[in-house]
**Student:** 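One structure, as structure tokens, below. Some questions next.
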Amino acid sequence: MKKILHIISSPRGEASMSIKLGNAITEKIKAEYPGSTVKVHNLATHRFPHLEEVHIASFFTPEEHRTHRDLEAIRHSEEAINEIKDADIIVIGVPIYNFNISSTLKAWLDHIVRRGVTFKYDENGPQGLLDSKKVYLALSSGGIFSEGPMTGLDFSVPYLRHMLAFIGLTDVTVYRVEGLSIPGIQDTALEKGINSVVIA
Ligand SMILES: Cc1cc2nc3c(=O)[nH]c(=O)nc-3n(C[C@H](O)[C@H](O)[C@H](O)COP(=O)(O)O)c2cc1C
């Protein structure tokens, strides 16, 4: 039995392909580990603010000196990091916007990547502080980035792999619903993406 955290970042609700793929991944995890629970965090409906001065000031203020305003500013970040710590498996929905992750997902990342909390620098360089756990990325895109001429434009997966590893989450598997804008491919893209999901 696993505790699954499903991070949603598409605003498109039931029409969203990254949500459908993420749901299919969680269903397959539940089939593999009966009794597993799913916590959904929908960033599109409970969005994270872009980093403002108050957040940054709070991040870098020692805990014992944080004011009420600092604590309120840091609350989102603390909750998001605790959600990650509490989960055994994380599923992250990633709609591709303008060749990268959405600003909705980036805002969440900006609140969970925190020096001294989820990463630190020591004599060996950066070190992730989160215990590693399984992460599945559920990507959806109009184009095809996993193979063919657009592979060099696949900025989102290398970026997410780097950032997740930076905070200690190195076990990342990517699944995609891709080619959603391409006639002849779009109709079977979801089925193909879901069928590719294997829970080890
Ligand atoms: C604002 C916007 C920008 C997009 N940019 C790209 C892009 O650069 N490359 C691409 O392959 N698809 C792009 N798409 C298509 C989306 O990736 C595709 O519709 C995907 O299914 C969205 O995820 P969702 O279904 O979970 O909402 C874009 C869609 C939108 C709405």
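Counting convention: from 1, in listed order, for ligands and their atoms alike. Worth saying up front: this structure is predicted, and the values here are computed from it rather than measured.
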**Student:** Not counting sequence neighbours, list each pair that qualifies as a salt bridge (Lys or Arg N to Asp or Glu O under 4.0 Å) and has a residue in residues 143-160.
**Tutor:** Asp154-Arg176

**Student:** Just checking, is any N or O donor in the side chain of Ser140 or Glu178 under 3.5 Å from an acceptor N or O on the other one?
**Tutor:** no

**Student:** Using side-chain contact (heavy atoms from CB on, under 4.5 Å) as the criterion, list what pairs up with Glu53, not counting sequence neighbours.
**Tutor:** Ala57, Arg69

**Student:** Identify, chain by chain and in numerical order, each protein residue with a heavy atom under 4.0 Å from an atom of ligand 1.
**Tutor:** Ser10, Arg12, Ser16, Met17, Ser18, Pro95, Ile96, Tyr97, Asn98, Phe99, Ser140, Ser141, Gly142, Gly143, Phe145, Leu180

**Student:** Any donor-acceptor pair under 3.5 Å linking the side chain of Arg66 with the backbone of Glu63?
**Tutor:** no

**Student:** Kindly state each residue pair satisfying salt bridge (Lys or Arg N to Asp or Glu O under 4.0 Å) with at least one member in residues 17-31, sequence neighbours excluded.
**Tutor:** Glu27-Lys30

**Student:** Centroid separation under 6.0 Å, is that true for the rings of His65 and Phe60?
**Tutor:** no

